[in-house]
Amino acid sequence: MDYTHCTLCPRRCGVNRAAGQRGFCAMGPTPRLARAAVHYWEEPAIAGSYGAGAVFFSGCTLGCTYCQNETISHGGFGKDLSPAQLREIFLRLIDEGVQCIDLVTPTHFLPSIIPALTPKLPVPVVYNCGGYESVETLRELEGLIDVYLPDFKYADAELAARLSSAPDYPAVAEAAIAEMFRQTGPARLEDGILTRGVLVRHLILPGEIDNSLGVLDAVSRRFHPGDILFSLMAQYTPMPGAQGDLARPITREEYDAVLSYLWLCGIQDGYTQDFQAASAEYIPDWDLTGL
């Protein structure tokens with residue numbers, strides 16, 4: 001696993017990032033971060049009472065047209081740091097009392113992140129990603145990651161192609177989440193904190209109820225009650241320039257339809273967001289806090 005022939009994500013660009021070439025993520029070989037601070041807005045099993053130590057990496061292997069973190073995911077804003085500096089950040093956040101170290105969109109920097117995770121940290125390490133992950137890469141993380149926090153964005157390949165430039169997303173995400181579960185086993189909570197396991201997120205998109213129902217079908221087919229936690233999110237917030245249905249929040253009718261199907265599928269372990277959750281306040285300030 002290195003940057004000289006990059007195949008870290010399913011796009012398998014094959015570029016030599018160490019020599020200055022750039023693939024889909026548009027990032028070089030040095031980890032670029034936009035923020036590293038206590039974050040209280042993850043699910044209760046992740047953030048707990050004291051918050052998650054959220055470390056936000058710049059760049060992304062997806063091209064979501066509705067991304068709320070556009071400034072860092074596609075804009076490239078951030079500060080370059082070494083693996084040793086990453087390790088110092090993790091330890092500082094732990095000293096501040098965080099419940100976990102929350103690695104947000106880390107895939108394209110894994111050759112630099114893995115050394116920073118050794119020796120094992122004394123709090124759970126959370127792998128917070130978009131679900132578009134290579135099984136081969138995930139296997140390199142076995143024993144280093146305690147909790148996987150993937151999105152499951154799409155069951156509709158055409159929608160995945162149109163909104164995220166990833167027509168293979170449904171099959172890739174299913175395989176990736178299955179590998180995550182293989183590594184961690186069933187969800188394990190201690191005093192309400194997820195110390196090991198998988199928590200799958202799904203964001204309802206306006207005008208795309210059938211996609212959400214497809215995701216719920218896929219999850220209920222593969223996992224039994226108690227296997228994983230599931231988080232149904234209603235916080236979609238239109239970004240400047242959004243068009244069509246994406247220019248509006250979800251409606252109450254859309255939310256109720258997906259929520260009802262969630263119960264019909266028997267998915268009971270996890271969280272549902274309040275319908276009024278859509279708000280720009282969930283978007284952190286990209287001001288290099290903690291770096």
Side-chain angles (χ1 to χ4, degrees), residues 10 42-46 61-68 128-133 135 148-181 186-187 194 197-239 242-279 282:
E42 308 288 34
E43 286 80 359
I46 302 294
T61 60
L62 284 171
C64 302
T65 60
Y66 50 89
C67 182
Q68 296 184 357
N128 186 339
C129 66
Y132 192 60
E133 304 292 326
V135 169
Y148 283 100
L149 183 61
D151 293 332
F152 195 160
K153 296 177 183 289
Y154 308 108
D156 182 331
E158 186 280 329
L159 186 67
R162 178 160 53 88
L163 298 185
S164 296
S165 303
D168 57 345
Y169 183 97
V172 166
E174 279 206 58
I177 293 170
E179 170 62 19
M180 294 172 186
F181 179 72
L194 187 60
V198 180
L199 195 166
V200 176
R201 287 171 162 169
H202 176 70
L203 175 67
I204 304 170
L205 296 174
E208 303 296 346
I209 292 177
D210 286 347
N211 177 63
S212 292
L213 303 189
V215 168
L216 295 177
D217 279 337
V219 170
S220 62
R221 280 196 308 266
R222 183 171 289 274
F223 298 107
H224 300 294
D227 280 352
I228 65 168
L229 301 183
F230 189 86
S231 179
L232 185 65
M233 304 174 73
Q235 71 183 54
Y236 176 82
T237 303
M239 294 291 100
Q243 298 179 354
D245 283 329
L246 292 179
R248 64 169 175 83
I250 65 171
T251 65
R252 168 63 75 174
E253 290 75 19
E254 289 170 331
Y255 177 72
D256 286 347
V258 178
L259 184 62
S260 295
Y261 199 69
L262 177 79
W263 304 136
L264 285 173
C265 287
I267 301 173
Q268 300 177 354
D269 302 309
Y271 306 94
T272 57
Q273 262 186 335
D274 187 274
F275 172 67
Q276 305 295 333
S279 172
Y282 284 104

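No hydrogens, no waters, no symmetry mates; every other heavy atom, side chains included, goes into these values. For the single chain, residues carry numbers from 1 onward in sequence order.
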The criterion is side-chain hydrogen bond (donor to acceptor under 3.5 Å, both in side chains); which residues satisfy it with [X], sequence neighbours excluded?
X	answer
Glu43	Arg201, Ser231
Thr61	none
Ser164	Tyr154
Thr272	none

* To do: Mind checking the SG-CD1 spacing from Cys129 to Ile177? Nearest 0.5 Å is all I need.
  =>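 CD1 of Ile177 is found 8.0 Å from SG of Cys129.
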With [X], which residues qualify under salt bridge (charged side-chain N to carboxylate O under 4.0 Å, His left out), at least two apart?
X	result
Arg162	Glu158, Glu208
Glu253	none
Asp151	Lys153

Can you sort out the partners of [X] under side-chain contact (heavy atoms from CB on, under 4.5 Å), two or more places apart, ordered by chain and number?
X	value
Asp210	Leu213
Ala45	Leu189, Leu194, Leu229, Tyr271
Ala166	Arg11, Leu62, Tyr132, Asp168, Tyr169
Pro238	Tyr236, Pro249

* Any side chain to side chain donor-acceptor pair (under 3.5 Å) pairs touching residues 255-267, not counting sequence neighbours? ->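 Qualifying pairs, neighbours excluded: Asp217-Tyr261.
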* Asked: Does a side-chain heavy-atom distance below 4.5 Å link Pro206 with Leu246?
  ->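 Side-chain contact under 4.5 Å: yes.
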